[in-house]
Amino acid sequence: MQSCDLSRPPSWHRLWGKARPIEGSTGAWHPLWKHALDVAAVGQALLDARPAFRDRLATALGQDAETARRWLPYLLALHDLGKAARGFQAKVPALWAEDLLGPFPEAAGADPGHPALGAGLLELFLPQACPGWDQDGYQAVFGAVFGHHGRPVAWDVEERAFRREDKRQARAYIETMRALFAPPDVPEPQARAKASLLLAGFAVLADWLGSNQAYFPYDPAEEAVAAYWSKARRHALLAVTEARLSPTPPAPPLRFTALTGGRFAPSAVQRWAEETPLPPGPSLTIIEDITGAGKTEAAVILAQRLLAAGRARGIYLGLPTQATANALHQRLRGLAGKLFEGPEPPSVSLIHGAAWLARPTSPHEGDSAAESAAWLGQSNRHRLFSDLGVGTLDQALLAVLPVKHQALRLHALADRILIVDEAHAYDAYTFAALERLTAFQALLGGSMIVLSATLTDLQKQRLARAWGTPLPSRPPPDYPLVTHLAETATEIPCAPRPDRVRSIAVRRLASVAAVCAEIRAVQARGAAVAWVRNTVDDVLAAQTALAAEGVAAQVFHARFAQADRHTVETDVVARFGPAAPAASRRGRVLVATQVIEQSLDVDFDLLISDLAPADLLIQRAGRLWRHLRPPEARPLPQPEMLILSPDPAQVASAHWGRDLLPGGFHVYDNPRVLWRTAAALFASGRLATPQDVRGLINRVYAPDDAPDDPPPLVDPAGRAQAQDWADRAFANGNLLDPLAGYSLGNKPWSKEADISTRLTQETSRVRLMRWQAGALQPWAAAADPAHAWALSELRVSRTRLAAAPPPPEVPAAALADLRARWGRYDADCLPLLLSPSPEAGLFTATVADARGRLGTASYTPTLGLILPRA
DNA sequence: AAGAAAAAAAAA
Ligand SMILES: [Fe+3]
Ligand SMILES: [Fe+3]
């Protein structure tokens, strides 16, 4: 048969595979068969560059490594089989090959897409393509490569969808590939789900790189199959290397002193990370210790040792917020060179939705194939393949949700040590997603390190169960604690870092007036004070109340335009940060929401907080006497946290606390958690860290009724717990099932816009702007308009702000034009037109709440957005 | 009515 003569072009040479030439391309189109070979060659080069991955994949397939190396390129070559069908070929009429396909079709039928066409065609040639396999086997393995457009295929295209010419060309396609690759007869896959998941991401990666015209230029010339295959392999080698997809060699196992420059002695946890014998296979390590004890350094040491031992080829650090990711990326960027040692410096990426704001270039910049040296920088999905990635956990969680190209993310992570920082910082829905990610990582053979200050026993058990190594029903009470899960579970109590051991006083304040009086008194003595409140409205009310008593307080919350929030944050850190001179903090008062709970390195002489769950109070207390200052520089005799709280001894009804803190009791909706927190802290009058942490957290979050719990709070607590269960159930409906492998299952793949890594109340994305000189100007200034608009943005509950009728002088066309310039993903932002008011620095705008009631909102750069009272 | 937090462009 002519198509099998490797010294000639195949009979189906004229079928096109690609027809979108880049600028400067010499060829106008690329033959389908050449594209198939390009992708197969990239796959083989990737396997050769990453023997550990090759072996993992081979084992899942039930093949030995050498067989897999010969068989997988054949499999990849078939990924675009559906492009041989007339339905696809008709998309470019000028390239229609009438001699191969018959007359050009008059009416285009419904287009199921070439991935689905490929699946349909394969089913017509099973005895040739995969002799002896049953349906589960071929759908798992071939389905993984047909799903290279990011979603699994449905296998719903039937034989009657094809004509004789379709089948003839598909047969020729398969015969050419069998002749070239001579695929060995292989058994059905050993571990179907695992094999399909590993393959799906691998196929996408090979297809993306094999479609890069910088390495695989369009080449419509007729050419011997064997000759082009050698060419493709050379190109593939270069492409894999330059895209930085071959592993960077790790440095020899790193010592703590080498990482930190020897300024500190390692803590017990850090010594463990440095010295513990490594298990032969994948492992999950959970490190529990207080914030600031150096857990991240311990994790990096352990991760690097795992790299050096060949357990993975990179590291991804997932954090709860973009801001913490930015900060950690800054910190680690300079250290990355110590983790790897290659001829080139390791690739390091910041990975989250707003990372483009932190980079010099504009968003979604033209990823012309010519700058393929920057292949990793093309999108966040590409960046996950960096040697060291620092970003939000959400970027990793998208690997276990039914969204496009999740398998690519999974593929990147399976080869990396996944470090999850601040694992306690997630709600029920997102924590369920983290559990699922843990299960996927365990299945695919990746390793994980989870860090937390305040994980409950239940959360820890859930992670362990997801990993597949259950913990004893009562984990040890020790803290700090390392829990190490490999084949078996080991728990290693560690001594705390001596300089982090302390005890602070805790005292209850019963009213807002009492708080104001206390602030006035200590301000007079020169103390720097922070009052952490639970809602923005409460912060603004406190600022007003303090002002009435002659105390000028600075406010900080999240209802600022990004640019102003950044200014306030910089100012707060300058005033209360480690470098702040005594004079700048003396007698200063800050009233803030939860924005100062995390990641800000600030220090106060006195900390006041509205009652909040114990873990958050511990977090807030971390801002009290945080920095080392001589005692005589402290205007107060001891570190003390004051808590504005109802009296836990007086619980008359389920309404407890709602008169004093209505907003706070809505935000933290389990009053039993709040009551237990108050009862425990006020009974002892002290908070000792780290020793009290474990007991307090487990007591406060115990799922069952405790003897002391006030009966009126039992029902509301039950409702709050039921909500958590509902959120988990909703998550489980969305989250992919590892045992289902790469398949559609019953998951909501088609509703990608509704799939999220977090479960939230509806919010409005508001962009502040002004009407000036006949144009809409962003509130914030920046050289690049995309930056300026992003910096002018804030988020606010949709219930409070759902619409904003523009002033009459602004033409509707200007707003429509603006939305068009914002583009697809930002067009839903709400333009909020600020008008200057008689008061200097104060701007106003008309707003409507979700029920359409109009009111006047005001904005200032120091107070933020003030909404009309509900 | 009420917090903070995240995400989102491909391989014709
Ligand atoms: Fe394709
Ligand atoms: Fe392709």
Side-chain angles (χ1 to χ4, degrees), chain A residues 16-20 29-30 32 35 38-39 79-80 82-83 88-89 91-92 95 111 113-115 148-150 203-213 216 318-325 352-354 363-364 366-367 369 378-382 391-395 397-398 401 403-405 408 422 425-427 430 433 532-539 557-559 592-598 610 612 616 658 661-669 752-761 763 765 795-801 823-826 828 849-851 867-870:
Chain A
W16 64 277
K18 300 265 176 187
R20 287 185 171 174
W29 64 285
H30 200 46
L32 178 53
H35 172 64
D38 295 339
V39 173
H79 81 282
D80 272 340
K83 285 188 179 177
F88 177 84
Q89 291 294 316
K91 286 173 189 282
V92 180
L95 293 173
D111 178 19
H114 74 264
H148 63 274
H149 281 204
V204 173
L205 185 60
D207 193 31
W208 285 12
L209 200 53
S211 302
N212 189 320
Q213 295 179 51
F216 303 95
L319 294 128
T321 69
Q322 299 177 338
T324 47
H352 61 69
H364 316 305
D367 21 283
Q378 287 180 64
S379 81
N380 281 340
R381 290 177 297 220
H382 293 78
T392 51
L393 180 64
D394 305 71
Q395 291 292 330
L397 296 178
L398 287 172
L401 285 161
V403 298
K404 216 170 168 197
H405 293 304
L408 189 72
E422 317 239 29
Y426 300 98
D427 289 347
T430 307
V532 188
R533 307 222 62 187
N534 294 337
T535 73
V536 179
D537 287 345
D538 285 348
V539 164
H557 52 72
R559 216 189 281 161
T593 58
Q594 297 85 336
V595 288
I596 63 159
E597 238 164 51
Q598 275 185 22
D610 290 1
L616 302 182
R658 288 178 190 272
L661 298 169
F665 272 64
H666 181 263
V667 169
Y668 303 113
D669 65 350
E752 180 159 341
D754 301 337
I755 300 291
S756 171
T757 54
R758 313 229 179 176
L759 195 59
T760 57
Q761 300 287 333
T763 57
R765 283 174 66 192
R795 287 167 173 283
V796 61
S797 152
R798 220 191 83 87
T799 343
R800 298 284 294 274
L801 203 175
R824 192 173 143 200
Y825 290 100
D826 300 326
D828 61 332
D849 67 13
R851 289 158 68 183
L867 294 170
R869 287 192 68 82

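Chain A is the first sequence line, chain B the second, and so forth, proteins listed ahead of strands; every chain is numbered from 1.
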Problem - Near-ring test A:His149/A:His114, centroid separation under 6.0 angstrom - result: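 Yes, the ring centres sit under 6.0 Å apart.
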Handout entry: Pair A:His35 + A:Trp16: ring centers closer than 6.0 Å
Key = no
OP1 or OP2 of [N] versus the side-chain N and O atoms of [X]: is any pair under 4.0 Å?
{"X": "A:Arg758", "N": "B:dA4", "answer": "no"}
{"X": "A:Gln322", "N": "B:dA7", "answer": "yes"}
{"X": "A:His405", "N": "B:dA11", "answer": "yes"}
{"X": "A:Gln395", "N": "B:dA8", "answer": "yes"}
{"X": "A:Arg851", "N": "B:dA1", "answer": "yes"}
{"X": "A:Thr392", "N": "B:dA7", "answer": "yes"}
{"X": "A:Arg559", "N": "B:dG3", "answer": "yes"}
{"X": "A:Lys404", "N": "B:dA11", "answer": "yes"}

Problem - Touch class at under 4.0 angstrom, heavy-atom based, for A:Ser797 against every strand present - result: sugar-phosphate
Practice task
Remember a base hit wins even if backbone is also touched, and classify A:Phe665 as base, sugar-phosphate or nothing at under 4.0 Å, heavy atoms.
Solution key: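 Here A:Phe665 touches no strand at all.
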Among [options], which nucleotide sits nearest the side chain of [X]?
{"X": "A:Val595", "options": "B:dA4, B:dA8, B:dA11", "result": "B:dA4"}
{"X": "A:Tyr668", "options": "B:dA1, B:dA6, B:dG3", "result": "B:dG3"}
{"X": "A:Thr535", "options": "B:dA5, B:dA9, B:dG3", "result": "B:dG3"}
{"X": "A:Ser211", "options": "B:dG3, B:dA11, B:dA4", "result": "B:dA11"}

Problem - Donor-acceptor pair under 3.5 Å, A:Gln378 side chain vs B:dA11 base - result: yes
Exercise for the section: Answer yes or no: side-chain N or O of A:Thr593 and base N or O of B:dA4 forming a donor-acceptor pair under 3.5 Å. Expected result: no
Problem - Nearest-Å distance for atom pair CD/P, residues A:Gln761 and B:dG3 - result: 11 Å
Practice task
State which residues pass side chain to side chain donor-acceptor pair (under 3.5 Å) with A:Glu597; sequence neighbours excluded, sorted by chain then number.
Solution key: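 Partners of A:Glu597 by the side chain to side chain donor-acceptor pair (under 3.5 Å) criterion, ordered by chain and then number, come out as A:Arg620.
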Exercise for the section: Please identify each residue that fulfils side chain to side chain donor-acceptor pair (under 3.5 Å) with A:Thr324, with sequence neighbours left out. Expected result: A:Thr321
